[in-house]
Amino acid sequence: MASLTETHGHDHTPVPMTSSPVTNLSGSISVPGDKSISHRSLLLGAVADGQTRVTGLLEADDVMATAGAMRALGANVRKDGDTWLVNGMGNGALLEPTEPLDFGNAGTGSRLAMGLVAGYDFPVSFVGDASLSSRPMGRVLNPLRETGLQVESAEGDRLPLTVHGSPLPVPITYRVPVASAQVKSAVLLAGLNIAGTTTVIEPVMTRDHTEKMLAGFGAEIAISLDGDGARHISVKGQTDLVAQDIVVPCDPSSSSFPIVAGLIVPGSDVTVENVLLNPTRIGLFDTLIEMGADLTISNRQVSGGEDIGDIRVKHSALKGVTVPADRAPSMIDEYPVLSVAAAFAEGETVMLGLDELRVKECDRLAATARGLEANGVDCTEGEDTLTVRGGSGVVAGGGAVQTLLDHRIAMSFLVMGMASQKPVSVDDTFMINTSFREFVPLVNSLGADLS
Ligand code: S3P
């Protein structure tokens, strides 16, 4: 879906890499801060009264793009020692930016920021790289239009585009048609600067960081379940938000790469510390345990209202399973690396309900299937399913994988190369910087051979 053409200065020279087979990954590591919570810390900090202090913020390109955008909207965002400081403008007091907000590769940052500015009567332009410019924005723009937002885009609700909120935006009640935390969050953030109560109805629960953090910042937020089990989340607009001290837990999505590596590389014993264990994020760990993974969680604690713990894995003989569609929201970013685990399992792994993978940083369903095939793995790509027939610990490897500006495709197939018979190459690792700068040195410190 993404082409490597230049878009808004985001051209880069590809950085290919090869991962060669190793044995005995071992050690204890911690991965960087959670991307979802990092974006939201900056977005909410920017509209709170006072100084929000964030430790453990993910310092990857996606989050730095959100930091830049919040600066452009008037907030002072800077780092002091290990702490990020956000001097908020106060709710309703963002300023008109003088230049387009450049979100690079960041879908979450851009979509949530569209919501945040939707209740302001001034224009805000959004630009990004080739991948982001190919992703559908209508899913957030359509509900925001119901508040009175005007949108100008040459490319049918794709970036580059300009939004302009109504002088008198109206609060909406919106039933989210796809399971998307970004859509839910964009509407709730828009509601912050709209008089009255904005409600999102979420038939399928997605990651709940926005609602939890809004409550933490003192927003008037109410959550209830209806008779069908749908969640109704309401926020009252134009109330004051209060600056917070936030400790960002380690990202479970980033932790999934060393965890799957530890499971497939013979002789391994790997621990990833202080991982966020929010129930809306841990579908991969449940699935791996069903597959027979030796995966244990210890040192469970609550930090900043979130469950965290240390995850230890040892090399395991995995078995294929069926992953039900209703688990997809809790592991939506983890299917590429689950597919790598499935390639090493015995028997068939069937993943259902994957339609949302088609609109990630690339068409992740197709990119994963092509990467598996390039490495001799027998798989079938359906419209919204992927079936992987595993090699009981044996994967040929030797393939060259196209990563299509997608960090998670790059990391997943580098993990595959750690345990396949021949090395696996990926065409570009540059995008890994969008979420997990430390990936290569960290996995090499466990014993991987990425070069
Ligand atoms: C995110 C939501 C998910 C996920 C993305 C982060 C968030 O996207 O894929 O990486 O922080 O809200 P969708 O809402 O499109 O499922």
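The first residue in the sequence is number 1, and the count goes up from there. Read the numbers this way: they start at 1 and go in the same order the structure lists the ligands and their atoms. What you see is a predicted model, and the numbers here were worked out from it, not measured in a lab.
- The part of Arg207 lying near ligand 1 is the side chain, judged by heavy-atom distances below 4.0 Å.
- Summarising the local packing, CD of Glu373 is surrounded by more than 12 heavy atoms from other residues, nucleotides or ligands at distances under 6.0 Å.
- For Ile332, no nitrogen or oxygen atom sits less than 3.5 Å from a nitrogen or oxygen atom of ligand 1, counting backbone and side chain alike.
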Evaluate salt bridge (Lys or Arg N to Asp or Glu O under 4.0 Å) for Asp333 paired with Lys35, printing each intermediate quantity in order.
CA-CA 12 Å; Asp333 292 331; Lys35 184 143 76 80; over 6 Å; no
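- Looking at atom 1 (C) of ligand 1, its nearest protein heavy atom turns out to be Thr108 OG1, 3.6 Å.
- Atom 3 (C) of ligand 1 has its nearest heavy-atom neighbour, among Glu356, Arg364, Lys360, in Lys360.
- More than 12 heavy atoms of other shown residues, nucleotides or ligands fall within 6.0 angstrom of atom CD in Glu202.
- Near Ser36, meaning under 4.0 Å from one of its heavy atoms, ligand 1 places the atoms 6 (C), 7 (C), 11 (O).
- Under a 3.5 Å cut-off, the side chain of Asp428 and the backbone N or O of Val15 do form a donor-acceptor pair.
- For atom 12 (O) of ligand 1, the nearest non-hydrogen atom from the set His209, His39, Arg40 comes from Arg40.
- Checking Asp333, Val140, Val183, Leu112 against atom 5 (C) of ligand 1, the nearest heavy atom belongs to Asp333.
- Short contacts between ligand 1 and Ala181, defined as distances under 4.0 Å to a heavy atom of the residue, involve ligand atoms 12 (O), 14 (O).
- Although no hydrogens or angles enter the test, the distance criterion places no donor-acceptor pair under 3.5 Å between the side chain of Glu146 and the main chain of Ile172.
- In the displayed structure, Glu290 atom CD is contacted under 6.0 Å by more than 12 heavy atoms of other residues, nucleotides or ligands.
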